[in-house]
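Lettering follows sequence order; numbering is per chain, from 1. Keep in mind the model is a prediction, meaning the values are calculated, not measured.
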Amino acid sequence: MKLEKELYKIFGYKIFRPGQKEVIESLMNGDNVLAMLPTGTGKSICFQLPALLLQGTAIVVSPLLSLMEDQVQQLRSQGIKKVAAINSFLTFHEKKMIVNQLERYDIVYISPESLMSNTIIGALSSIQISLFVIDEAHCISQWGHDFRTDYLKLGELWERLNQPPCLAITATATKEVQRDIVQQLRLPDVTTHVYSVHRPNIALQIENYSDIDEKIINLIKWVKKLKGPGLIYFSSRVWAENMAARLQNEGIHNVAFYHGGLDNEDRLLIQQQFINGQLDIVCCTNAFGMGINKNNVRYVIHFHFPQHMEAYIQEIGRAGRDGENSFALLMYCDEDRFLPLSLIEHELPSRKQLDGVKKYLEMLAVSNLLFTNDDVINIQAQMGLSEGALRFLLFHLEEQKVIDQSHIKKQAISNTINSIKQIIENRLNKKINKIHEMVDFINSETCRRMYYLTYFDEKLLEKPESCCDQCGLSIESYMNDNIHQSNQLQKLLPWEQELMQIFHQK
DNA sequence: CGTTAGGGCGCTATCGCCCTAACGGTGCTATAGT
């Protein structure tokens, strides 16, 4: 079959981008596939095209509501109508309508949380599933182990659905994350199509500052000089908001902030304004990024450094998708090291909270009481657990069968709590290690590009002309032309300026 | 680490100061009925 012909007929593209055809052919062949394709190479085509060609319904697990809505809308605008997203935007009635006739759809987008509902699983069991797709599959590894544990149940579900061809697709995953994805999904055989994370058109720079005030002053300097549009990453919401205001006070226009605390409407608005070019700069937390399809982002600044190399690569990778020269700047000062450590520690239940849970469960068990929804609420309130931590806890209590169909196994409580403590400790160690890797990268004195490629088990084959601060790069090409000129003029004395103007005839 | 919220205290205080503890980032869901 001529895949190119179908590609043209359905999507209007004449040729495949690197990797797309290979992935599609493997899927059409019935293989399970792990694919890592660079950002901006049209990852969704990899499953959309075979989903439309194959018999049955493709299930696409997607991490964000906005991603699902985006893709459904895009497909519909291309005349592909048999697509749907099952999520909380739907009314009960709408949801029921779709679930009752799932087989009529070619592609159904769904969150891992919705996917775990018994109604949905029941409906899925009775239809033919063409593909089981995990979009942004690094979420399994990055989020599944902590605050979105439903990601860890996908493997079991896939088995229950009789193992239809599975595609796990992402832009950024180390070898270790790739292994984790395959293991969590319980894929017995997998065909991997892994392409380079190398982004030659993004120049890398890291700067050290003695304290936070110096950093703020320099951020303002950089932002005034750099050619936009740009993204500035912070690791707290308050910082993102305050610096957006500060930049506006400095006379920089079209700046907004974005973080998970905004309501859906505002988030959508800012995304749209940034994509449409009405905003030049977004000060954001790591909430901003996935699903932002903007080609011409010229720079990404990290005011705070991300928690691991993968996140760094993901975030700087939002620059220069059009292939034009772009700039990634990381601003570091020593006191930054403590924030991520403390974030991590509050993420999972503490030992004290776990001891409290243990007491609570033993009390229920002694009285021969069932574990009800009220108990979930009580535990969360009494121990002061975040929602993420609570879900982490429930996931492991259920997985280790301390709580099984509302029954509590008294003999297992103590051991399980201990083993959860162990899991948390391992998890913390891993994450702290990742932060150290990040700080090592920042403090290293070798080529930045070679360093991160090595981290992803790749070799630097060809060094771009404008590489990194260690290899030397000419910053001028990333500057805002107008401001660059006026800065030069400002340094001149008035009579020099006049002379300049005469000679340049401006 | 830095910021902030909240409690205690002084002893002219429905105020102002100081100290301490807590927090800091990512997202999904809701199974009924006019």
What integer distance in Å separates [X]:[atom1] from [N]:[atom2]?
X	N	atom1	atom2	result
D211(A)	dT3(B)	CG	P	11 Å
L90(A)	dA32(B)	CG	C1'	16 Å
K434(A)	dT26(B)	NZ	C1'	16 Å
N242(A)	dT4(B)	CG	C1'	12 Å
N264(A)	dC28(B)	CG	P	8 Å
F288(A)	dG25(B)	CZ	C1'	16 Å
I344(A)	dG25(B)	CD1	P	14 Å
M438(A)	dG25(B)	CE	P	19 Å

With rounding to whole Å, what would you report as the distance between [N] and [M] at their [atom1] atoms?
N	M	atom1	value
dG25(B)	dT3(B)	P	15 Å
dT12(B)	dG16(B)	C1'	13 Å
dT26(B)	dA30(B)	P	23 Å
dG10(B)	dT14(B)	C1'	16 Å

ask   = For R199(A), does its backbone N or O pair with a side-chain atom of R449(A) as donor and acceptor, under 3.5 Å?
value = yes
ask   = Any donor-acceptor pair under 3.5 Å linking the side chain of N218(A) with the backbone of E214(A)?
value = yes
With a 3.5 Å limit on both atom pairs, tell me what [N] is paired to, counting Watson-Crick and G-U wobble, or say none.
N	value
dT12(B)	none
dA5(B)	dT20(B)
dG33(B)	none

task = Before accepting this row, confirm whether a basic side-chain N of the pair D180(A)/K175(A) lies closer than 4.0 Å to the acidic partner's carboxylate O.
result =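 Looking at D180(A) and K175(A), the cut-off is not met.
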ask   = Is the shortest distance from a Lys or Arg side-chain nitrogen in D135(A) or K43(A) to a carboxylate oxygen in the other one below 4.0 Å?
value =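 The answer is no: the pair does not qualify as a salt bridge.
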Counting the atoms with a prime plus P, OP1 and OP2 as sugar-phosphate, which does [X] contact under 4.0 Å by heavy atoms, base, sugar-phosphate, or nothing?
X	result
S117(A)	base
T119(A)	base
Q142(A)	nothing
S111(A)	sugar-phosphate
N87(A)	sugar-phosphate
I212(A)	nothing
L65(A)	sugar-phosphate
P112(A)	nothing

request  = Would you please confirm or rule out a distance under 4.0 Å between OP1 or OP2 of dC23(B) and any side-chain N or O of R237(A)?
outcome  =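 The answer is no; no side-chain N or O of R237(A) sits under 4.0 Å from OP1 or OP2.
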key: Phosphate OP1/OP2 of dT29(B) contacted by S114(A) side-chain N/O (<4.0 Å)   = yes
ask   = Strictly by modelled atom types, are S62(A) and E136(A) linked by a side-chain donor-acceptor pair under 3.5 Å?
value = no
Nearest to the [X] side chain among [options], which nucleotide is it?
X	options	answer
H259(A)	dC23(B), dT26(B), dC1(B)	dT26(B)
K95(A)	dC28(B), dA30(B), dG24(B)	dA30(B)
E387(A)	dG25(B), dT29(B), dC28(B)	dC28(B)
F147(A)	dT29(B), dT26(B), dG24(B)	dT26(B)

message = Taking the nucleotide of DNA chain B with the nearest heavy atom to each, does F92(A) or Q307(A) sit closer to the 5' end?
response =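 By nearest-heavy-atom nucleotide position, the 5'-most residue is Q307(A).
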ask   = Taking atom types as they are modelled, is there a donor-acceptor pair under 3.5 Å from the base of dG24(B) to the side chain of S342(A)?
value =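 Between dG24(B) and S342(A), which were checked side chain against base, a qualifying N/O pair under 3.5 Å is present.
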inquiry  = Tell me if the side-chain of E335(A) makes a donor-acceptor pair with the base of dG2(B), cut-off 3.5 Å, by modelled atom types.
reply    =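 There is none.
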query = Hey, does the Lys NZ or Arg CZ of K215(A) hover above the aromatic six-ring of F303(A), less than 6.0 Å from the centre and inside 45° of the axis?
reply = yes
ask   = Using the ring of each side chain (for Trp, its six-membered ring), is H302(A) parallel, tilted or perpendicular to Y312(A), with breaks at 30° and 60°?
value =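 Tilted, since the angle between the ring planes falls between 30° and 60°.
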